[in-house]
Each structure stands twice: as C-alpha cells, then as structure tokens.
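Below: one structure, written as structure tokens.
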There are 2 protein chains.
Amino acid sequence: MARKTGSHSDITGPKVQDAALRLFARDGFAAVSMRQIASEVGVQAGALYNYTPDKQTLLFSLLKGHMDELLSQSPDAIPSHLSADQALAAFVEFHITYHIDRSDLVFISYMELRSLEPANFARIEAARRAYEDQLEAILRRGQADGVFRIEDSKLATLALIAMLTGVTNWFRRGGRLQIDDVTRHYVQMALRIVGADKQ
Amino acid sequence: MARKTGSHSDITGPKVQDAALRLFARDGFAAVSMRQIASEVGVQAGALYNYTPDKQTLLFSLLKGHMDELLSQSPDAIPSHLSADQALAAFVEFHITYHIDRSDLVFISYMELRSLEPANFARIEAARRAYEDQLEAILRRGQADGVFRIEDSKLATLALIAMLTGVTNWFRRGGRLQIDDVTRHYVQMALRIVGADKQ
DNA sequence: GTCTATATTCCGATAGAC
DNA sequence: GTCTATCGGAATATAGAC
C-alpha cells in the first residue's frame, strides 16, 4: 500500500524520541535546540510540533516512558520461593542488565529532573521512589529473616542503588569485562554490603 | 581606608564564582545566562567580563578549583603506620566529609564535564583519575597484605566511589542522620565490600 | 504531515562613557 | 570596575501554503 508523500507519523515519531534522547544526554536539555533535533530526524523544526506540544513535554515523555518500563519489567514483589539473598542477587542482576544499555536514559533521568516543571518532576520522583522501595523491601525481609546484618535499611538501599547505577558511567561493551563478569562481581559486593556473603 | 566607588574586585570576584556555581548546579550550564549570573551578583552583564574571559572559562575555573583542592586535601600517600583497612576507613571518612557540603560542585563536576572544551575536559578527567587511583592504591595494598579479599581492584574502586559520592544526592543537614552516623555506616559497608569487615 | 516564513524574545560578547 | 547601549545571531513556537 502506497503511502502519501510527506506522511510518516509512525516512522518519524520514534525517530524524534531517539534523536531527542541522544542529544539531551550528550549536550543537555537546555543546550539542545528543536532545530538540532529536527535536523537529526531529517525534517524541519516546525514538523516536530506534530509529535510534541513543546520541548518540555518531549523530555518528560522520555523520562516517563523510562520509569514506566523499568517498573513494569522489575519484579514488583519478592517471589516466595526465593530467600532474601537470592532475591537480592536477582535484583542486582536485573538492575545492571536493564540499565547497562540505557546509559543515556539513566543519565538524563538523573540530570534533567531539574529541567522538568514541578508537576512532571513529582511524577518521575514518585516512580523512582517506588523502584527503590522494591529493593528496600528485599533488605527488610533479609533483616527479618536474620539473613542480612543491616543497621539501616534505607541507607543500605541508597548505597546499593548508587553503586549499581554507577556501572552505566564506565561500562562499555567490548571492553575488559563482559556483562556477566560485572554482574557476578556486583552480586558479591551487594551480598557483602548486607552482610550475607558466604565468605 | 575608603574605597573608590565602583571598585569591588575582591568582593565581586568570589560572588561571581558563587553565583555561577549555584545557578549551574540548579539549572545547568547551558540554561544559565550571563545576565542571570550578573543579576545574582548585583551587577550588569558586561561587568562579569572583568572576572572571566567567557562563560566556558567560568565553568572550567569552578571545576578546576574543585579538583585542585580535593587533591591537595586528600592524603596523597598511605601513611605507613596505617594498615590497609585503617587507610580505607580514613579515605571513606575523608571522601564523605569533604564532599557532603559541596554537593553543587559534585553535581556539576559529574554533569557538566561535557560542557567543557576537549582540552579542559581532559585536564579535569586526569585529576579525577588521579584521585580514584589513590583509592585503588589502598585496595591493592590490602590485596597484597592479604587483608582484603578483592578479585578486581579497579571494579571495586569504581563501585566504592559511586557508593560514597551518592551520599551527596540525598544527605541533608538536620535530617534523620548526622554526618558521623553516615560515615560510620559507610565505613562498615566499604570494609564489607572489600571483604575486611570484622563480622 | 511537512514545508517556509516569521513574530518575539533572549543570548554572548564588545565598545565606550564615567 | 561598572555602567549603558548595541551588534549579530539563535532560540521557541506559531501561521498558513501545499
């Protein structure tokens, strides 16, 4: 079926998101112009406004989509057949493998929160906290079961998240380490942090 | 001694740096205008150019000053009377206490590196790597002494730095935890990561 | 759906008076 | 050292032709 010339909404739409993500991560939201995004996509600036009402909403939709997918793919409850240390290992593996090929999204999710209007900011922050709460639930379960030796589960949660997400800052495919190596080491470090390593 | 009206270089200079740091951290380098900075300082935009040749150099001088002071205050060698675990504990305490009241600098040092010209970027990156090498030296010493059980000292260094620096993202003075509480917990977690905790 | 053209605003940086 | 004024350019977003 031939398509009318100049009608490419199902192609152009994702290209706009991809280009915006890449450019926002590379240069920062404020430094990227709508003309730059349009140029990457291969259209003129005016055409972008068929896909987003404004630049701010374009950023928000990227971050919202990221958090929604993260929350939909992460196990929202601890499977009952797993012990706390097994659940923690699974969380570490999930977190690293999910984020490792999304370093651009991780970067702008952390950095361009401030570029969001307050209402949009609040929605992203709430999603992030919900995700962190999943990890803290694992730590509390390990505390309760006597498997983990943690004094402050909130502090340990924040320390773990920072350690794990930091991988996206330096990991490069084809580098010295494979993803499996990285997850194995980080699982061990995570178990050690909570006092559950098997020596 | 009376001062000539309109002459305030020793007062205005630091105010320019302070205002630029705060605004860059809040809104991002590209989003902040020289007019905004001038307005914060209480002068007109043109007057800023008595203190910096351009906006880019203003950012670089902030980051360079930060790294220079960090490197000058951190112990550049491991005191010989300290064991590796004592040296690690000292590093953790230094890193947290140094950075905890400099969250703006930490933030822009991580985020606005990309806003630097390549030559300036390289200088900041080199300083950052030199700092990380100080931590890795401690880990290698612990490995050699048999005090630490680490498979990959580079990986452990990156994990530790990420975990420790993450404190600046959430710590607030007057909050639930005092700095001493935070450092105590993080020293324990750091020792656990390297396999040197005393159970 | 995309284009061209444009209204409006703001930017970094400089020149010259005081 | 700070001011006012300004140059040259680029920004977001919109209007209307096709």
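Letters A, B, ... are given to chains in the order of the sequence lines, protein chains preceding strands, and every chain is numbered from 1.
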Can you list, pair by pair, the side-chain donor-acceptor contacts under 3.5 Å of residues 152-171 of chain B, counting residues two or more places apart and other chains?
| from | atom 1 | to | atom 2 | distance (Å) |
| --- | --- | --- | --- | --- |
| B:D152 | OD1 | A:R176 | NH2 | 3.3 |
| B:D152 | OD1 | B:K154 | N | 3.1 |
| B:D152 | OD1 | B:L155 | N | 3.0 |
| B:D152 | OD2 | A:R176 | NH1 | 2.8 |
| B:D152 | OD2 | A:R176 | NH2 | 3.2 |
| B:S153 | OG | B:E136 | OE2 | 2.9 |
| B:T157 | OG1 | B:S153 | O | 2.7 |
| B:T165 | OG1 | B:H95 | NE2 | 2.9 |
| B:T165 | OG1 | B:I161 | O | 2.8 |
| B:T168 | OG1 | B:T165 | O | 2.8 |
| B:N169 | OD1 | A:Y110 | OH | 2.8 |

By salt bridge (Lys or Arg N to Asp or Glu O under 4.0 Å), which residues pair with [X], not counting sequence neighbours?
| X | result |
| --- | --- |
| A:D145 | A:R141 |
| A:D101 | A:R173 |
| B:R22 | B:E40 |
| B:K64 | B:D68 |

- May I have all residue pairs that pass side chain to side chain donor-acceptor pair (under 3.5 Å) and include part of residues 113-122 of chain B, sequence neighbours excluded?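 Qualifying pairs: B:Q56-B:N120, B:E112-B:S115.
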Taking atom [atom2] of [N] as reference, at what distance in whole Å does atom [atom1] of [X] sit?
| X | N | atom1 | atom2 | value |
| --- | --- | --- | --- | --- |
| A:K15 | C:dT2 | NZ | C1' | 13 Å |
| A:Y51 | D:dA13 | OH | C1' | 17 Å |
| A:L48 | D:dT14 | CG | P | 13 Å |

- Message: For C:dT2 and A:T12 - does any side-chain N or O of the residue sit under 4.0 Å from the phosphate oxygens OP1/OP2?
- Response: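 Yes.
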- Sequence-aligned protein contact record of nucleotides 4-18 of chain C, with B where the base is within under 4.0 Å of a protein heavy atom and S where only the sugar-phosphate is: B------BBBB----
- Message: Considering only residues two or more places apart or on different chains, which pairs with a residue in residues 45-58 of chain B satisfy salt bridge (charged side-chain N to carboxylate O under 4.0 Å, His left out)?
- Response: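 Of all non-adjacent pairs touching residues 45-58 of chain B, none passes salt bridge (charged side-chain N to carboxylate O under 4.0 Å, His left out).
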- Item | B:R184/B:D181 ion pair, N-O < 4.0 Å |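 Salt bridge between B:R184 and B:D181, a charged N being under 4.0 Å from a carboxylate O: yes.
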- Between the first and last five pairs of the helix from C:dG1-D:dC18 to C:dC18-D:dG1, the angle of the axes, rounded to 10 degrees: 0°
